[in-house]
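Okay, structure first, notes after.
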There are 2 protein chains.
Amino acid sequence: MQLREQVLHAISTGSLRPGDQLPTVREVATDLAINPNTVNRAYAELEKDGTLSSRRGKGTFVADLGAQARVKKVDRLADIAKRALAECRAFGFTTDDLIGALKRQREV
Amino acid sequence: MQLREQVLHAISTGSLRPGDQLPTVREVATDLAINPNTVNRAYAELEKDGTLSSRRGKGTFVADLGAQARVKKVDRLADIAKRALAECRAFGFTTDDLIGALKRQREV
DNA sequence: CCTATTGTCCTAAGTATTTAATACAAGTAT
DNA sequence: ATACTTGTATTAAATACTTAGGACAATAGG
């Protein structure tokens, strides 16, 4: 999750642009003293929603979001919303309650 | 979570009203072929935010929400919002994105 | 072709979370 | 008072989840 956040932050600030190559799975792994598999998982999740694009022997790159990529991202967002909503219902809150709380959160 | 949801649903539909006694921890446990401790945890969480009120030797009852109870519930809601928001950021979404998704969810 | 580099899969180890088993404490009622 | 009913605490077992280790697969480039 931390890796994903960092990658997306780099993209949103512009230090990573569509087409740019990301550091290799193994590079990041040795840098952070972590397992390549963990890095791969972060990359894979971002590839799943169309943010990244990976090719064997080549590397991992920032994708430019096409139509279907946007759809996947929206799906993921809907999933997050769905789960948060389920939790809310489990505590007796409504959708509007949650929206209100989110707006309040933003003010802080 | 399932237990909490069921209790709250019963309250929201009016089949459980403030002052009503809930089935005993052990009753629910044997009914569902589950451990009393699990039931207790559900009850305890609902007591924590002021929804229920438990007394030894007596039983567990639906509380009528006073002022401080509402505050606790709000805290819990804020916590849910906070976590959902963190997850959103980890995938590059904003607060408004999430709010939009929630509204969309409601329509369905 | 053949070697090196890259992402990927599979299995096990580690870690955290949840549930169960049992014993305890406090209030109720006979 | 004493036995019973109820919620609660404590510790262990079970379960789920995450990370690591090592091997595999595909592509690139000489």
Side-chain angles (χ1 to χ4, degrees), chain A residues 1-8 10-11 16 18-64 69 72 76 79-80 82-84 86-87 90-91, chain B residues 1-8 10-11 16 18-64 69 72 76 79-80 82-84 86-87 90-91:
Chain A
M1 191 161 96
Q2 293 173 4
L3 285 176
R4 285 201 308 268
E5 193 160 357
Q6 286 180 28
V7 171
L8 287 163
I11 292 174
L16 273 179
D20 285 358
Q21 178 167 8
L22 276 73
T24 279
V25 164
R26 284 175 180 76
E27 279 177 16
V28 177
T30 52
D31 271 20
L32 302 180
I34 217 179
N35 194 284
N37 222 328
T38 305
V39 181
N40 178 57
R41 186 172 162 190
Y43 281 9
E45 294 222 38
L46 286 171
E47 187 178 15
K48 204 174 181 183
D49 66 15
T51 305
L52 299 180
S53 170
S54 294
R55 289 187 196 174
R56 286 184 174 174
K58 198 76 185 300
T60 302
F61 302 84
V62 180
D64 38 1
K72 285 179 186 172
R76 193 172 286 271
D79 183 58
I80 294 174
K82 209 171 178 176
R83 284 208 316 275
E87 199 175 353
F91 280 103
Chain B
M1 192 161 95
Q2 293 172 3
L3 286 175
R4 285 202 307 267
E5 193 160 357
Q6 286 180 28
V7 170
L8 288 162
I11 292 175
L16 273 180
D20 285 358
Q21 177 168 9
L22 276 73
T24 279
V25 164
R26 283 175 180 77
E27 279 177 18
V28 178
T30 52
D31 271 20
L32 302 180
I34 217 178
N35 194 283
N37 221 328
T38 305
V39 181
N40 178 56
R41 185 172 163 188
Y43 281 9
E45 295 222 36
L46 286 171
E47 187 179 14
K48 204 174 180 181
D49 64 17
T51 304
L52 300 179
S53 168
S54 296
R55 290 188 196 174
R56 287 184 174 175
K58 198 76 184 300
T60 301
F61 302 84
V62 180
D64 37 2
K72 285 180 186 171
R76 194 172 285 271
D79 183 58
I80 295 174
K82 209 170 178 177
R83 284 207 317 274
E87 199 175 352
F91 280 103

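Each chain gets a letter, A, B and so on, in the order the sequences are listed, and its residues count up from 1. Side chains are part of it too, since the values below use all heavy atoms of this structure and drop only hydrogens, waters and symmetry mates.
Side-chain proximity of A/Arg26 to the nucleotides D/dC24, D/dA25, D/dG7 is greatest for D/dC24. Here D/dT19 is the nucleotide among D/dT19, D/dA20, C/dT19 with the atom lying nearest to any side-chain atom of A/Arg41. Comparing C/dG7, C/dA21, D/dT8 by their nearest atom to the side chain of A/Arg56 picks out C/dG7.
One atom, CD of A/Gln21, and another, P of C/dT5, lie 14 Å apart when rounded to the nearest Å. Here the P atom of nucleotide C/dA4 and the CD atom of A/Glu27 are 18 Å apart, to the nearest Å. Between the C1' atom of C/dA23 and the CG atom of B/Asn40 lies a distance of 14 Å, rounded to the nearest Å. Nucleotide C/dA20 holds its P atom 10 Å from the CG atom of B/Leu32, rounded to whole Å. We find that NZ of B/Lys58 is positioned 7 Å from P of C/dA29, with the value rounded to whole Å. Following rounding to the nearest Å, B/Met1 (CE) and C/dT17 (P) show an atom-to-atom distance of 16 Å. The CD1 atom of B/Ile34 sits 11 Å away from the P atom of C/dA21 (whole-angstrom rounding). When the P atom of C/dT5 is taken as reference, atom CZ of A/Phe61 falls 16 Å away, rounded to whole Å.
Here the options are A/Asn35, A/Val28, A/Thr30, the test is side-chain contact (heavy atoms from CB on, under 4.5 Å), and the partner is A/Leu32; only A/Val28 passes.
Proximity of B/Asn35 to the phosphate of C/dT19: no side-chain N or O atom is located under 4.0 Å from OP1 or OP2. Proximity of A/Thr38 to the phosphate of D/dA20: a side-chain N or O atom is located under 4.0 Å from OP1 or OP2. For B/Thr24 and D/dT5, the shortest distance from a side-chain N or O to OP1 or OP2 is not below 4.0 Å. Using a 4.0 Å cut-off, some side-chain N or O of A/Thr60 falls inside it from OP1 or OP2 of C/dG7.
The heavy-atom pair separating A/Ala84 from B/Ile80 by the smallest distance is O-CG2, 4.1 Å. Taking all atoms of both residues into account, the shortest heavy-atom contact from B/Phe91 to A/Leu8 is C-CD1, 3.2 Å.
Among the heavy atoms of the strands lying under 4.0 Å from B/Arg55 are primed sugar atoms or P, OP1, OP2 only; no base atom is included.
Between B/Asp49 and B/Arg76 there is a salt bridge, since a side-chain N of the basic residue sits under 4.0 Å from a carboxylate O of the acidic one. Between B/Glu87 and A/Arg4 there is no salt bridge, since no side-chain nitrogen of the basic residue lies less than 4.0 Å from a carboxylate oxygen of the acidic one.
The base of D/dT10 lies close enough to the side chain of B/Asn37 for a donor and an acceptor atom to sit less than 3.5 Å apart.
Toward the 5' end of DNA chain D, the nearer of the two residues A/Ala33 and A/Gly57, judged by each one's closest nucleotide, is A/Ala33.
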